[in-house]
Amino acid sequence: MTEKPLAICWFRQDLRTTDNPALRAAHAAGTVLPIYILDDDSADTWKMGGASRVWIHHALNSLDENLDESLSLYSGNALKVLTKLCKKYNVSGIYWNRCYEPWRIKRDKEIKEKLSKKGIDVKSFNGSLLWEPWENLKEDGTPYKVFTPFYKKGCLQASIPKSPQFRPRDIDFFTDKESLSTDDLGLLPDKEWHKSLVSEWDISEQGAKKQMKKFFADGVSSYKECRNILSQEHVSRLSPYLHFGLISPQTVWHSTKKLTQDSNTMTFLSELGWREFSYSLLYHNNALPEKNLQEKFDKFPWEKNKQNLHAWQQGKTGIPIIDAGMRELWQTGYMHNRVRMIVGSFLVKNLLLDWREGEKWFWDCLFDADLANNAASWQWIAGSGADAAPYFRIFNPVLQGKRFDPDGTYTRKYLPELEKIETKWLFEPWNAPGDILKKAHIRLGMDYPTPIVDLAISRERALAAFKSL
DNA sequence: TGAAATGTTGGGGCG
DNA sequence: ACGCCCCAACATTTC
């Protein structure tokens, strides 16, 4: 037992020092013991995937640096860890920023109840959303089910998101001697895969700011038009930073508002609105990640073709734009949003595989794997969500490739075996004349797969299957 | 934040 | 000059 009262700042998905309400509260309460708990015990089926663990390994290291190397790390059941800390030290308060995954809400509620009873000041804050999902409701008090009114009425006419706060000065830190090291947490896989994975990312609070500034400097001015062009970096790539809270949505919102307002900034802000919408859907539908929002989808006869699923996961479907996207995911922990829609449509409609298979794979591979966004997006593309794509909306991977990767830069980057084929045939090599393939040194079925499905036939099959609902 | 099928229109070639 | 056909270009409908 030390004499000094300690305020625990429990970092979770808010791995930053600026605009962090919990850190400010802990600082105001006294000496700060900043901690992170890897709680796989409570997480159940949705414990962090492989890519997320790699990301958080680096994010914790940089957070530790930003906290004068005083971050204490633990592994195991969060209630047990916190209870133990309260026994060991004179803890006056515990402060955290809220998470919205159902399992975390349940766990945190229990922690708050149990530790409050012991006379500890336990408080949670909003550090991850622009508007709380329980506040953003329709006039009749029920949650929104459609994005447009949710955003236009619920978000834009609601209170302005609060302004970002500076990092508190002169924090008095305390470190637990029994803290684990980041390596002890075992977040990095044995495979070498994770090393190249992180090479394109600066996983730190500063890296998040840098990424935002880069986007503001050369991406946002043509965002509305160019965000769909796959080869160009006209998207913000802020999603993993937002997910883990290396930057707050308030910071992104208000920084965008400082730019000249036009249709580009409006479109970008609405993407933050989609994030809010996903969280609202999850908050009001706890089973969103597991269960069709529309019950009639429960009887949909999904195929159980392991081979096709595997080909999709490995980027070996024989359909170039699909394979390029899936390999981008594997190689970089990220996928351009337009391609996410294309590969999602392909999995669910052309392959008739259960959207939850896609959800699981993305959960494991994406740096920005986010329970709310991932589940809401997969239900959207499958058509099983509330405000979902209609069943007949089936993307044609050949047309999408030609339209959004017109010079083939993106597709060739991830499919070097198709490097030499002229762009005209790049997105449908199976239709290319023999001499064209020969000239490009492509033997279909050897250098690059023949398509695992016929696009026209599988489209008709999907239309029939979905129509029967 | 779709694609394909079908319908409509209008200019130009041609007898 | 006129009617006819063809077909691109665009619009609408359907899944």
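Order of the sequence lines sets the chain letters (A, B, ...), proteins ahead of strands, with each chain counted from 1. Just the heavy atoms: all of them, side chains too, but no hydrogens, waters or symmetry mates, feed the values below.
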J.: Return all side-chain donor-acceptor pairs below 3.5 angstrom for residues 217-226 of chain A, not counting sequence neighbours, or 'none' if the list is empty.
T.:
from: A:S222; atom 1: OG; to: A:H234; atom 2: ND1; distance (Å): 3.1

J.: How would you label the contact of A:I381 with the nucleic acid (heavy atoms, under 4.0 Å): base, sugar-phosphate, or nothing?
T.: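 Nothing: the residue A:I381, judged by heavy atoms under 4.0 Å, touches no strand.
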J.: Measure from the side chain of A:W274, starting at C-beta and using heavy atoms only, and say which of B:dG2, B:dA3, B:dT1 lies closest.
T.: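 Per side-chain heavy atoms of A:W274, the pick is B:dT1.
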J.: Of all the nucleotides listed (B:dA4, B:dT1, C:dC15), which has the minimum atom distance to the side chain of A:N396?
T.: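 Closest nucleotide to the A:N396 side chain: B:dA4.
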J.: Whole Å only: how far is the CG atom of A:L230 from the C1' atom of B:dT1?
T.: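 These atoms are roughly 13 Å apart.
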J.: Quickly work out the A:K349 NZ to C:dC15 P distance and round it to whole Å.
T.: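 After rounding, the gap between these two atoms is 16 Å.
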J.: Roughly, in whole Å, what's the span from CG in A:L455 to C1' in B:dA3?
T.: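 Distance check: A:L455 CG to B:dA3 C1' gives 12 Å.
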J.: Quick one: A:I342 CD1 to B:dG2 P, roughly how many Å, whole number?
T.: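 After rounding, the gap between these two atoms is 11 Å.
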J.: Send over the distance from A:L399 CG to B:dA5 P, rounded to a whole Å.
T.: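 Interatomic distance, CG of A:L399 to P of B:dA5: 12 Å.
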J.: Looking only at side-chain N and O atoms, does A:Q400 come under 4.0 Å of OP1 or OP2 in B:dA3?
T.: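 It does, given that an N or O in the side chain of A:Q400 lies less than 4.0 Å from OP1 or OP2 of B:dA3.
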J.: Over how many whole Å does the gap from A:F466 atom CZ to C:dC15 atom C1' extend?
T.: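 Result: 13 Å.
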J.: How long is the line joining CZ of A:R338 and C1' of B:dT1, in whole Å?
T.: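 My rounded result for the distance is 5 Å.
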J.: Only counting residues at least two apart or in another chain, list the ones meeting side chain to side chain donor-acceptor pair (under 3.5 Å) with A:W96.
T.: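 Counting only residues at least two positions away or on another chain, A:W96 forms no side chain to side chain donor-acceptor pair (under 3.5 Å).
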J.: Compute whether any side-chain donor of one residue and acceptor of the other, for A:R227 and A:S236, lie under 3.5 angstrom apart.
T.: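 A:R227 vs A:S236: no donor-acceptor pair found between side chains.
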J.: Please classify the nucleic acid contact of A:R403 as base, sugar-phosphate, or nothing, using heavy-atom distances under 4.0 Å.
T.: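 Counting heavy atoms under 4.0 Å across all strands, the contact made by A:R403 is with sugar-phosphate only.
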J.: Looking at A:W380, A:F147, A:W131, which one forms a ring pair (Phe, Tyr, Trp, His ring centres under 6.0 Å) with A:F277?
T.: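 Answer after filtering A:W380, A:F147, A:W131: A:F147.
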J.: To the nearest angstrom, how far is A:F395 atom CZ from B:dG2 atom P?
T.: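 Nearest whole value for this atom pair: 5 Å.
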